[in-house]
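The chains referred to below are lettered A, B, ... by the order of the sequence lines, with proteins before strands, and numbering in each begins at 1. When reading the values below, keep in mind they use all heavy atoms of this one structure, side chains included, and skip hydrogens, waters and symmetry mates.
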Number of protein chains: 2
Amino acid sequence: MTAQAKSGCPINLALELLGDRWSLLIIRDMMFAGKRHFREFLQSEEGISSNILTERLARLLACGIVTRADDPDHKQKAIYSLTAMGIELLPLLAQIGIWGNRHLPASTAHAGPAKALEQGGSALIQAMQAELAQAHLQQGG
Amino acid sequence: MTAQAKSGCPINLALELLGDRWSLLIIRDMMFAGKRHFREFLQSEEGISSNILTERLARLLACGIVTRADDPDHKQKAIYSLTAMGIELLPLLAQIGIWGNRHLPASTAHAGPAKALEQGGSALIQAMQAELAQAHLQQGG
DNA sequence: GCAACCAGTTGTATTTTGCAATTGGTTTGG
DNA sequence: CCAAACCAATTGCAAAATACAACTGGTTGC
């Protein structure tokens with residue numbers, strides 16, 4: 001599953017895992033939209049295909065960024081959760097959003113979170129990380 | 001050249017430009033290794049192909065992250081420079097490096113910059129951005 | 001003037017992605 | 001109790017992106 005690394009540079013290693021069009025959008029949906037189910041990711045505005053979603057979730061699972069658990073209330077549903085390693089991606093997602101919002105034609109409807117993160121600084125990020133930990137890190141989740 | 005955006009989300013827009021295995025490595029090389037020439041990018045450890053490099057440089061050029069100028073001292077050489085928009089990617093690159101260094105098996109030989117950025121905080125980032133501006137933003141460069 | 005160097009380009013094989021239809025099973029509503 | 005809707009995927013195929021190697025026309029250094 002994991003191809004051998006082309007270099008030991010931390011930026012390269014991170015990009016080998018997350019450097020594609022979809023992986024970080026999935027994590028964005030977990031962080032900012034509270035999505036936890038396969039079907040929810042599928043319904044995102046960008047329109048990921050189900051086979052790509054399956055493959056990306058498997059990869060994120062394999063490298064320890066998310067976990068997968070059965071929904072106790074619904075035998076068919078799987079609940080995807082962020083790990084501590086995944087929650088630590090928030091500052092990175094925040095920088096992507098801030099930069100995109102500054103330099104690209106983001107729609108005002110979507111600009112809210114980026115704007116808030118830009119003004120809230122590290123205090124807001126830490127608060128959001130605490131909330132995510134609360135929602136995702138519950139024993140076994 | 002620019003495909004239509006799948007959504008106006010700033011994270012999505014940024015990922016449509018930079019969400020691939022190579023674009024951010026090129027910018028990393030400009031920021032941390034001082035590379036400015038086609039041949040230098042080609043010699044990076046990860047081994048980008050020349051056709052991919054050509055295409056990525058063209059894209060970064062088209063969206064205003066880098067500029068291209070003729071080397072006054074060498075008719076054949078092209079000098080690639082970061083724009084202000086490109087220099088503002090440093091906080092993003094920094095977060096990628098910090099996260100990669102914390103969670104992935106980065107080699108000690110490559111970990112230096114990430115470690116420094118983690119400890120130096122925003123003061124270091126601002127200092128580095130000032131240096132990059134000095135080197136890349138000289139009138140017309 | 002010849003070898004090394006420069007920024008690419010070309011051609012082809014391989015891999016990844018996108019898209020649509022489908023699967024086997026579960027839950028919901030009447 | 002049965003049908004329709006929902007669930008997380010899987011399959012097959014076409015299209016696009018990527019990797020790899022060879023090559024191009026021109027420039028520079030010795």
Worksheet entry | Minimum-distance nucleotide (side-chain atoms of A:S50 versus D:dA8, D:dT18, D:dA9) | D:dA9
Discussion item. From C-beta outward on B:R56, which listed nucleotide comes closest to its side chain: C:dT17, D:dC20, D:dT18?
Written reply: D:dT18
Item to complete: Answer yes or no: is there an ion pair linking A:D73 with A:K75, defined by an N-O contact shorter than 4.0 Å?
Response: no
Worksheet item: Rounded to the Å, how far apart are B:F38 CZ and D:dT24 C1'?
Response: 13 Å
Worksheet item: What's the closest nucleotide to the A:R39 side chain, out of D:dC7, C:dC6, C:dG18?
Response: D:dC7
Worksheet item: Between D:dA8 atom C1' and A:I52 atom CD1, what is the distance in whole Å?
Response: 16 Å
Item to complete: Starting at atom CG of A:L57, determine the distance to atom P of D:dC7, rounded to an integer number of angstrom.
Response: 15 Å
Worksheet item: Within this structure, what is the NZ-to-C1' distance between A:K77 and D:dA9, rounded to whole angstrom?
Response: 16 Å
Discussion item. Using whole Å, what does the distance between atom P of nucleotide D:dA8 and atom CZ of A:R68 come to?
Written reply: 8 Å
Worksheet entry | Minimum-distance nucleotide (side-chain atoms of A:Q76 versus C:dT17, C:dG25, D:dT10) | C:dG25
Worksheet item: In terms of the nearest nucleotide of DNA chain C, which residue is placed more toward the 5' end: A:H74 or A:I48?
Response: A:I48
Discussion item. Taking the minimum atom-to-atom distance to the side chain of B:N51, which one of C:dT17, D:dA9, C:dT9 wins?
Written reply: C:dT9
Worksheet item: Is the closest side-chain donor-acceptor distance between B:R36 and B:S81 under 3.5 Å?
Response: yes
Worksheet item: So which one's nearest nucleotide on DNA chain C is more toward 5', A:D20 or A:D73?
Response: A:D20
Practice prompt. Find the distance B:R36:CZ to C:dA7:C1' and express it as a whole number of Å.
Written response: 16 Å
Discussion item. A quick test of your reading: do over 12 heavy atoms of other residues, nucleotides or ligands sit less than 6.0 Å from NZ of B:K35?
Written reply: yes
Worksheet, complete the sentence: To the nearest angstrom, the CD-P distance between B:E40 and C:dC6 comes to 9 Å
Fill in: Interatomic spacing from CG in A:N12 to CG in A:L15 - rounded to 0.5 Å
7.0 Å
Item to complete: Give the rounded distance in Å between these two atoms: CG of B:D70 and P of D:dT27.
Response: 12 Å
Worksheet item: Do the side-chain N or O atoms of A:W22 get closer than 4.0 angstrom to the phosphate oxygens (OP1, OP2) of C:dT17?
Response: no
Practice prompt. Would you mind telling me which of D:dT28, C:dG8, D:dA9 lies closest to the side-chain atoms of B:K75?
Written response: D:dT28
Practice prompt. State whether a side-chain donor-acceptor pair under 3.5 Å links A:N51 with A:E55.
Written response: no
